[in-house]
Amino acid sequence: MTDAVAVPLPAEPDWQRLHPGTLALEVLRLGPRALNFVPAIAALGITGNWTYIVPALGLFLLFSLGIQFLRWWRFRYRMADEAFVIESGLFARRHTTLPFDRIQDVSIEQGVFARLLGLAKVDFDTGAAKAKNRGDRGNALDSIALDQAESLREAIRARRAGLAAPTAAVPADGTAAVAAAPQPADDPLLFALSPRRLFTLGLFNFSLAALAVFAGAAQQFDDFLPFDLYDVDGWARGAEGLGVDDWLFTHRWLAVFATLVILLGVGFATGIVRTAIRDWDFRLTRTPTGLRRTRGLTTRTDVVVPRRRVSAAIVASGWIRRRFGWHDLRLQSLASDGDKERDHIVVPFGTLDEVDPVLADLAMARPGADADWSRAHASEALPALLLALAPILLAVIALLLGQPAGLLALLAVPPIIVGALVGIRRHRWAVVGNTLYIERGFWTPRLILLPTASIQSADVRIGPLMRRFGMARILFGVPGGSGFSAHEIAGIAAPTAYALRDMLVARRAAAHGG
Amino acid sequence: MTQSSSASGDAPGIAPATNDAPDNALRPLEPQYSHVMRISLALLWGPIAIGACIFDLTVVRTAGGPWGLLSVVAVLGAMLAVVILPSRKYARWGYAMLADRLRIARGYLFHVDTVVPFVRVQHIDVGQGPVERAFGLSHLIVHTAGTHNSTVTLPGLASADAAAMRDTIRKQIQTDFA
């Protein structure tokens with residue numbers, strides 16, 4: 001365990017600095033950034049000034065380190081009475097105040113190097129959008145000692161709960177507070193991924209991304225290879241030289257089969273490895289304010305989704321997974337779950353029996369068998385069917401241009417048609433109590449649980465095509481989720497759409513006594 | 001809600017007929033807004049049309065292509081945008097300030113009818129562009145917490161009306177979002 005460090009600044013004993021180990025982490029992070037220097041190295045090399053390259057690299061490293069040191073020096077934070085205060089910035093000073101009642105919760109993230117050093121990055125979830133540009137580091141403490149991070153989280157939770165927390169809430173050594181605070185293991189466990197379940201999920205996450213990486217690398221670096229990768233005759237001659245060409249020819253179906261097996265193996269292996277890295281030791285526990293999820297092998301993240309801030313829940317699946325009964329549960333809220341996914345996945349791979357208790361904890365439930373479902377009108381499949389014309393058009397153009405390979409585009413047509421027709425049959429909705437349920441999708445079937453209290457706005461849209469059939473769509477503005485996938489009811493008759501929308505909005509308004 | 005005769009037909013004038021109860025009838029925007037739209041479109045398409053004409057008369061002519069075609073198309077397009085479109089678009093806007101919500105309808109080909117309940121408004125602005133200022137108009141910008149429709153704009157309001165609407169809505173905001 002590293003020495004706990006609180007470098008008190010004179011005359012203001014409450015201020016604390018980040019752990020000096022942060023500098024070591026920044027050095028490691030410099031690695032990818034050194035790519036910025038490659039053009040300079042290339043220029044130096046081309047002009048023949050080889051001797052300057054090493055000093056130039058050294059200067060670059062020193063300069064970067066110097067900036068990081070100054071940044072570390074100028075960063076300080078403290079817990080005031082009502083708020084958490086952060087001061088940062090080299091030239092443009094930034095004084096951030098986070099009132100405790102605006103901090104939804106504190107999330108802790110540890111990269112692989114940070115874990116080796118015993119450090120953690122602490123992020124405050126205020127329900128605001130994440131920092132948009134890379135230069136803006138947001139309100140994060142990157143990094144402090146892990147035990148300090150955990151005691152900081154407990155201290156903030158205690159402050160929010162209004163308990164009389166000790167004023168020296170972030171003790172210098174951190175050990176006393178940690179012993180008193182409830183450990184993560186004390187929270188009731190709602191869901192966990194066993195290694196076997198993780199393996200199965202990895203199988204379902206079949207991914208040929210490794211092939212894409214290989215193809216990209218081949219394209220970039222094939223000039224550096226001693227032989228020509230694309231010279232088919234060269235490969236044939238090589239096979240003759242080794243004496244295997246006859247064998248390969250007589251057993252060519254075996255070769256094709258072996259290739260397929262290798263591809264499948266690579267795909268499954270990639271899926272398993274990626275899933276293991278992301279979802280290792282996935283645990284979902286119940287905390288007083290929300291659901292806490294920890295997961296990750298190399299980077300361990302620890303995030304709490306506040307119960308009050310959950311605006312919608314989605315029970316999703318895949319067209320094969322559904323046959324086996326596997327679903328996943330995601331929650332939408334204003335806070336987004338990292339850069340890649342906006343929705344928090346709280347149950348990545350589970351049966352409906354495992355999803356229901358988590359939903360119950362959020363005071364939500366899947367619709368019962370007696371729900372009054374309305375189905376989408378079949379005409380809504382038309383736009384999707386029209387989309388199927390695009391590959392056909394592509395194939396025709398390719399044929400006219402004399403490229404028979406364009407016929408491959410026709411392969412895309414059956415999935416689109418099936419997805420459209422079956423998807424529209426699956427699309428249905430129901431209003432039960434204060435929740436709107438929407439089911440849709442064939443390739444990725446999903447059930448959306450939308451409490452009417454989450455509806456911020458509702459559009460009724462009538463497009464030129466659907467106008468012919470008197471059909472409309474309703475789009476709901478809901479906090480969270482991505483801008484491209486607003487919750488939508490499609491294939492609903494226009495008068496019904498207006499009526500449904502007004503009913504939902506009135507219900508929402510009545511819930512607030514407005 | 002009374003059923004309308006046909007949701008796919010549209011009443012000439014304000015917005016496509018819907019199953020509105022009489023108190024949900026939509027009001028049109030201020031008539032001068034069509035002029036505002038016209039001037040804004042002219043300011044946008046005028047330079048583009050002029051640029052296209054210049055390009056046509058110089059580059060295309062020297063390159064030996066069918067010069068004159070682009071100029072005609074550009075001028076016709078600009079005239080279409082400036083003379084005909086604004087009044088048609090104006091006719092398709094409508095709004096209603098109900099007791100507890102704001103309703104805005106616009107468009108015909110792609111008809112969009114938005115409802116924002118007052119209690120879920122995050123905050124509300126009144127804005128005025130330079131062209132709007134010349135006609136004494138303003139626009140209302142309603143911010144909600146949803147990702148879709150995070151801002152909803154209602155243009156073409158008389159400035160006094162816009163301020164009054166803003167104050168009415170502001171009183172009813174009960175958002176509990178931190």
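Only heavy atoms go into these numbers, but all of them, side chains included; no hydrogens, no water, no symmetry mates.
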TODO: Output yes when a side-chain donor or acceptor of B/Arg101 lies under 3.5 Å from a complementary backbone atom of A/Ser457, and no otherwise.
DONE: no

Task: A/Arg501 side chain reached by B/Arg103 side chain, heavy atoms, under 4.5 Å - done: yes

- [ ] Using salt bridge (Lys or Arg N to Asp or Glu O under 4.0 Å) as the criterion, list what pairs up with B/Arg38, not counting sequence neighbours.
- [x] none

Open item on the list: So which atom in B/Phe110 and which in A/Pro464 form the shortest heavy-atom distance, rounded to 0.1 Å?
Closed with: CE2-CD, 3.4 Å

Open item on the list: Rounded at 0.5 Å granularity, tell me how far CD1 in A/Ile462 sits from CG in B/Leu109.
Closed with: 11.5 Å

- [ ] Just jot down the salt bridge (Lys or Arg N to Asp or Glu O under 4.0 Å) partners of B/Arg166, sequence neighbours excluded, or say none.
- [x] none

TODO: Identify the two heavy atoms, one from A/Gln456 and one from B/Gly146, that lie closest to each other, and give their separation to 0.1 Å.
DONE: CG-N, 3.5 Å

Open item on the list: Closer than 3.5 angstrom, by distance alone: can the side chain of B/Thr147 be matched with the main-chain N or O of A/Gly480 as a donor-acceptor pair?
Closed with: yes

- [ ] Taking all heavy atoms of A/Ile455 and all of B/Arg120, pick out the closest pair and write down the distance.
- [x] O-CG, 4.0 Å

Task: Heavy-atom proximity to chain B below 4.5 Å, by part of A/Val460 - done: both

Open item on the list: Working to the nearest 0.5 angstrom, can you tell me the gap between A/Asp459 CG and B/Ile104 CD1?
Closed with: 9.5 Å

